[in-house]
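Each chain gets a letter, A, B and so on, in the order its sequence line appears, and its residues count up from 1.
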Protein chains: 2
Amino acid sequence: MAVTIRDVARRAHVSVATVSRALTSPDLVRPETRTRVLAAATELGYQPNRAARGLITGRTGNIGIVVPDLGNPFFTGVLKAVQARAAQADHSVFVADSDEDPVAEAKLVHAMAKQVDGVVLCAPGLEDSRLHEVAAATSLVLLNRRLPGVPAALMDSAGGMGAVVDHLAGLGHRRIAYLNGPRTSWSNQERRRGLLTAVARHGVDLTDLGPFAPRYEGGLQAADLAVAADTTAIIAYNDIMALGVLARLRDLGVSVPGDVSVTGFDDLTYAALCCPPLTTVAMPVARAGRTAVDLLLDRLGSGSPEVPQVVAETRLVVRGTTAPPRGRER
Amino acid sequence: MAVTIRDVARRAHVSVATVSRALTSPDLVRPETRTRVLAAATELGYQPNRAARGLITGRTGNIGIVVPDLGNPFFTGVLKAVQARAAQADHSVFVADSDEDPVAEAKLVHAMAKQVDGVVLCAPGLEDSRLHEVAAATSLVLLNRRLPGVPAALMDSAGGMGAVVDHLAGLGHRRIAYLNGPRTSWSNQERRRGLLTAVARHGVDLTDLGPFAPRYEGGLQAADLAVAADTTAIIAYNDIMALGVLARLRDLGVSVPGDVSVTGFDDLTYAALCCPPLTTVAMPVARAGRTAVDLLLDRLGSGSPEVPQVVAETRLVVRGTTAPPRGRER
DNA sequence: TTGAAAGCGCTAACAT
DNA sequence: ATGTTAGCGCTTTCAA
């Protein structure tokens with residue numbers, strides 16, 4: 001078996017309590033003793049058993065994150081930041097993949113609940129009431145979903161969409177199609193909200209298509225409808241769909257951005273690498289991931305009753321898939 | 001506080017021992033009692049505390065995975081499969097990102113050791129001796145790294161590379177450049193091994209370039225050298241580098257596959273989406289991830305002394321970046 | 001078939 | 001400043 005606190009105590013000629021104190025509240029033991037204990041600990045390669053510690057303190061030193069799809073770079077971007085921030089705070093992280101299944105989301109959080117101090121739930125598809133139940137099981141922080149009473153790290157999708165429409169309208173587009181993602185998704189709702197506002201502001205004509213699966217195949221399928229709708233610009237729910245749109249348009253012989261402009265959302269790595277490179281909206285995934293962890297850990301520490309919902313800015317990234325519509329080139 | 005085994009015991013009018021038995025070894029209690037206990041448990045929404053259980057049984061029901069970079073789709077592909085397989089076996093998973101730092105790899109495994117039944121270490125950069133030390137800390141399974149005495153889930157990079165060279169030689173290429181990834185990486189060593197064998201077999205001329213960082217920027221940088229080397233085909237260490245190569249060649253006005261053929265390795269999603277779509281080698285990441293988990297769990301269960309090292313097949317995916325060299329078109 | 005009790009590794013009163 | 005002890009939630013002897 002591994003080395004326990006008792007081994008260290010024996011070796012340092014002190015009681016286990018002293019060892020515990022030397023490690024967790026150093027100023028409670030005489031410096032001399034502390035040194036001796038620490039030495040013994042290192043010599044034996046002692047690592048306290050966090051599970052045992054957690055049993056007493058109620059704090060596990062772990063956090064959980066559940067995402068809809070680990071195959072989606074957007075969520076692994078969040079995950080990377082979450083695990084990095086957690087590591088800084090000396091916390092370990094549990095991951096779970098709900099496979100886009102709302103029911104699984106709830107189950108996974110419950111399964112984790114006992115082993116973590118809190119969980120970051122990313123873009124949950126769960127309805128509000130069920131989400132509140134889940135929030136009762138553990139400390140919860142939502143990412144890209146707003147729910148009264150639950151802290152959240154949000155990204156300003158609506159604002160990003162506003163920037164997209166401003167850009168397109170500025171180029172001279174008057175007829176725009178939006179390719180919806182999942183209706184229940186908070187992100188889609190926000191994007192649509194920003195879209196409607198901006199479209200009204202510019203007096204631009206909007207064709208609302210979908211919903212489509214937020215994947216490559218969804219984009220393939222959506223492209224035909226968008227072309228039929230006879231618009232000069234296509235705003236896809238996200239980059240992956242936009243890539244599908246691009247591929248389908250190429251097959252159809254529709255030139256981008258000559259015949260039609262296309263935009264995505266998320267700024268995934270390969271949005272910059274496809275050709276033409278995709279005009280899109282950069283989402284602050286890393287920042288939001290860090291914020292989520294901070295929210296979780298701060299609240300645990302301070303038991304304060306406030307419920308912060310932090311929204312991070314998005315940013316339009318203009319690349320090669322947008323240009324003035326035909327007849328408006330200069 | 002949450003509901004404990006004691007609450008269930010009280011409610012079912014039995015001792016805690018009986019509750020424990022009803023849950024973990026059902027055939028040790030009278031069916032009638034069992035039903036009563038189970039009912040009480042569900043009514044209270046009881047979830048056993050795994051940490052406490054682990055304290056006694058020595059099994060945590062958790063496994064760990066440490067990867068060099070969560071931003072790399074290759075590793076998140078493995079992660080997705082690992083977490084899915086673990087979930088099937090009712091295990092939770094800890095993730096950690098070593099940020100490509102070998103020292104961090106060791107630290108992370110040690111930090112996890114107490115909370116997991118074993119860990120999957122992906123493509124570690126650690127040297128053999130240090131790796132053996134790490135293996136002593138917990139049950140270890142290596143992914144894409146072979147080490148005597150340690151079970152491993154491997155992918156047949158050498159074989160994949162053989163297929164690439166066969167393909168290229170078959171098209172008529174006689175001068176090929178290989179863009180090395182990190183020298184210490186087992187995958188690069190394997191790819192190179194497969195390459196040398198195949199190249200000798202075909203009597204093809206090889207220019208060995210690098211090592212380069214296995215990233216987009218590495219590809220950008222490598223492309224110039226490859227062009228200067230005056231070869232008709234470029235084999236990149238992986239897809240990301242290949243994408244960099246493609247971009248740089250485009251800037252240079254070198255046409256692909258007209259002037260030069262390019263291949264990658266990994267078959268990431270966007271290898272199919274770039275243009276022209278990339279000829280590459282599909283790595284069985286999901287299969288390897290599952291295998292790694294199975295290896296871990298099987299060994300834990302059966303304490304058998306055998307050390308399986310399972311290698312999964314790779315597969316050449318021919319797409320648009322390879323063609324006969326100039327003067328050999330038909 | 002069930003219960004009482006010991007104890008996993010650790011921390012937090014309570015003593016000293 | 002340090003030691004003794006109870007006990008976190010659970011499983012597992014050992015008795016009954």
Side-chain angles (χ1 to χ4, degrees), chain A residues 1-38 40-41 44-62 90 110-117 137-138, chain B residues 1-38 40-41 44-62 90 92 111-117 137-138:
Chain A
M1 206 49 184
V3 27
T4 83
I5 198 173
R6 240 186 280 277
D7 302 317
V8 180
R10 198 151 28 221
R11 178 152 189 152
H13 303 290
V14 293
S15 72
V16 293
T18 303
V19 176
S20 173
R21 279 190 282 253
L23 266 51
T24 58
S25 18
D27 22 77
L28 259 54
V29 302
R30 196 151 45 102
E32 184 185 330
T33 324
R34 181 171 57 224
T35 322
R36 196 150 33 94
V37 171
L38 261 36
L44 296 174
Y46 171 70
Q47 295 265 108
N49 183 324
R50 297 194 133 191
R53 174 182 289 176
L55 222 41
I56 304 205
T57 60
R59 290 280 299 256
T60 60
N62 300 327
D90 200 31
H110 279 111
M112 281 181 171
K114 286 286 202 321
Q115 301 195 80
V116 299
D117 296 333
T138 183
Chain B
M1 206 50 182
V3 26
T4 84
I5 198 173
R6 240 187 279 278
D7 302 318
V8 180
R10 200 151 25 220
R11 178 150 188 154
H13 303 290
V14 294
S15 72
V16 293
T18 303
V19 176
S20 173
R21 280 188 280 252
L23 266 50
T24 58
S25 17
D27 22 78
L28 257 54
V29 302
R30 197 151 44 101
E32 185 185 330
T33 323
R34 181 172 58 224
T35 322
R36 197 147 35 93
V37 171
L38 262 36
L44 296 174
Y46 171 70
Q47 296 264 110
N49 183 323
R50 297 193 135 191
R53 174 181 291 176
L55 220 42
I56 304 206
T57 59
R59 290 281 298 257
T60 61
N62 300 327
D90 201 31
S92 300
M112 282 180 169
K114 285 285 201 323
Q115 301 194 79
V116 299
D117 297 333
T138 183

- For A:P48 and B:R30, take the nucleotide of DNA chain C holding the closest heavy atom to each; which residue's nucleotide lies nearer the 5' end? B:R30
- Looking at B:R34, does any N or O in its side chain come under 4.0 Å of the phosphate oxygens OP1/OP2 on C:dT1? no
- d(CD, B:Q115; P, C:dG9) in whole Å: 15 Å
- Query: Hey, is the main chain of B:G54 close enough, under 3.5 Å, to the side chain of B:T60 for a donor-acceptor pair?
  - Reply: no
- Query: Given C:dC10, is OP1 or OP2 found less than 4.0 Å from the side-chain N or O atoms of A:T57?
  - Reply: no
- Task: Round to a whole Å and report the spacing from CD1 of A:I5 to C1' of C:dG7.
- Result: 16 Å
- Message: Whole angstroms only, please: what is the CD1-C1' distance between B:I56 and C:dC8?
- Response: 6 Å
- Query: Separation of B:N49 atom CG from C:dC10 atom C1', in whole Å?
  - Reply: 14 Å
- Task: Could you please name the option among C:dC10, D:dG9, D:dG3 that lies closest to any side-chain atom of A:T4?
- Result: C:dC10
- Just how far, in rounded Å, is P of C:dT2 from NE2 of B:H13? 14 Å
- Query: In whole angstrom, what separates B:K114's NZ from C:dG9's C1'?
  - Reply: 10 Å
- Interatomic spacing from CZ in B:R36 to NE2 in B:H13 - rounded to 0.5 Å: 7.5 Å
- Would you say B:R34's side chain and B:P26's backbone share a donor-acceptor pair under 3.5 angstrom? yes
- Message: Heavy-atom nearest nucleotide on DNA chain C for A:A52 versus B:R21: which residue maps closer to 5'?
- Response: B:R21
- Can you tell which of D:dG3, D:dG7, C:dG3 lies closest to the side chain of A:T18? D:dG3
- Task: To the nearest Å, give me how far apart CG (A:L28) and P (C:dC14) are.
- Result: 15 Å
- Task: Could you grab the distance from atom NZ of A:K114 to atom CG of A:N62, nearest 0.5 Å is fine?
- Result: 14.5 Å
- Query: Is a side-chain donor or acceptor of A:S20 paired with a backbone partner of A:V16 at a separation under 3.5 angstrom?
  - Reply: no
- Query: Under 4.0 Å between a side-chain N/O of A:R53 and OP1 or OP2 of D:dC8, yes or no?
  - Reply: no
- Task: Indicate whether OP1 or OP2 belonging to C:dA4 is found under 4.0 Å from a side-chain N or O atom of B:S15.
- Result: no
- Side chain of B:Y46 - closest among D:dT2, D:dT12, D:dC10: D:dC10
- Note on the structure: Separation of C:dG9 atom P from A:R10 atom CZ, nearest Å, is 11 Å
- Item | Closest listed nucleotide, where the reference is the side chain of A:L55 and the choices are C:dC8, D:dC10, D:dC8 | D:dC8
- Task: Mark yes or no for a side-chain to base donor-acceptor pair under 3.5 Å between B:R50 and D:dG9, with no hydrogen or angle criteria applied.
- Result: no
